[in-house]
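Values in this document were obtained by computation on a predicted structure and should not be read as measured data. What's counted below: heavy atoms across the whole structure, side chains too, no hydrogens, waters or symmetry copies.
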Amino acid sequence: MFWFLAVAMVVVVAAVTLAVIGGGDSEVLPEVAPEQLVDPLPAHRPVGRADIEAVRLPVAARGYRMADVDDVLGRLAAELAERDARIAELEAALAGAQATAVGGPDLFDKPGADRPGEETDR
């Protein structure tokens with residue numbers, strides 16, 4: 001009985017091995033093309049919140065593909081740097097406009113007044 005079980009186990013292991021690796025020219029398990037990132041981030045306009053929410057990174061054997069993640073993060077970093085520079089430029093322009101408005105003539109003074117808010121008697 002022992003020899004019968006041993007021979008049966010060898011036959012089952014051999015059958016499973018042949019089924020997995022395939023026999024002959026036909027492949028039992030065809031190779032799957034690797035999943036690639038289709039970049040949904042628009043190239044012709046700034047990236048918006050909906051664009052970022054739509055990003056789905058392809059999964060690899062040990063998590064995400066580092067090159068795809070690096071590409072997306074690099075693109076987002078460039079967009080943020082561009083926006084930060086534009087915000088700084090606009091804030092500087094606003095500060096300059098406010099400085100000239102504060103240093104300019106008071107709009108509520110009447111012509112010929114000595115001090116702001118007081119009229120001269122002439």
Side-chain angles (χ1 to χ4, degrees):
M1 184 72 168
F2 173 75
W3 290 109
F4 175 73
L5 288 176
V7 170
M9 189 166 54
V10 168
V11 169
V12 169
V13 169
V16 170
T17 304
L18 285 175
V20 170
I21 63 171
D25 296 329
S26 65
E27 291 185 23
V28 176
L29 299 174
E31 250 186 73
V32 177
E35 194 176 340
Q36 298 295 322
L37 173 67
V38 177
D39 188 14
L41 299 178
H44 59 280
R45 63 177 172 81
V47 175
R49 179 181 177 152
D51 299 323
I52 296 171
E53 289 174 353
V55 171
R56 296 293 177 256
L57 298 170
V59 179
R62 289 191 247 160
Y64 294 103
R65 297 177 189 274
M66 290 193 315
D68 293 337
V69 173
D70 290 343
D71 290 342
V72 170
L73 290 178
R75 173 78 189 278
L76 292 176
E79 289 276 339
L80 289 175
E82 183 179 318
R83 288 182 185 179
D84 289 345
R86 179 70 177 145
I87 288 170
E89 177 185 323
L90 292 173
E91 285 177 344
L94 179 63
Q98 287 176 342
T100 58
V102 170
D106 193 1
L107 298 176
F108 298 108
D109 285 344
K110 292 185 179 178
D114 290 338
R115 286 186 278 176
E118 292 185 12
E119 293 183 30
T120 56
D121 295 327
R122 291 188 190 191

Transitive ILVMFWY side-chain link [X] to [Y], under 4.5 Å:
X: V12; Y: V7; answer: no
X: I52; Y: V69; answer: yes
X: L73; Y: V47; answer: yes

Tightest non-hydrogen contact, residues T17 and V13, listed as OG1-O, 2.8 Å
Rounded at 0.5 Å granularity, tell me how far CG in L94 sits from CD1 in I87.
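Interatomic distance, L94 CG to I87 CD1, rounded to 0.5 Å: 13.0 Å.
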Counting C-beta onward and ignoring hydrogens, is there a side-chain heavy-atom pair between P46 and E82 closer than 4.5 Å?
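A side-chain contact under 4.5 Å is absent here.
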Look at R75 together with E79 and state whether they make a salt bridge at an N to O cut-off of under 4.0 Å.
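Yes.
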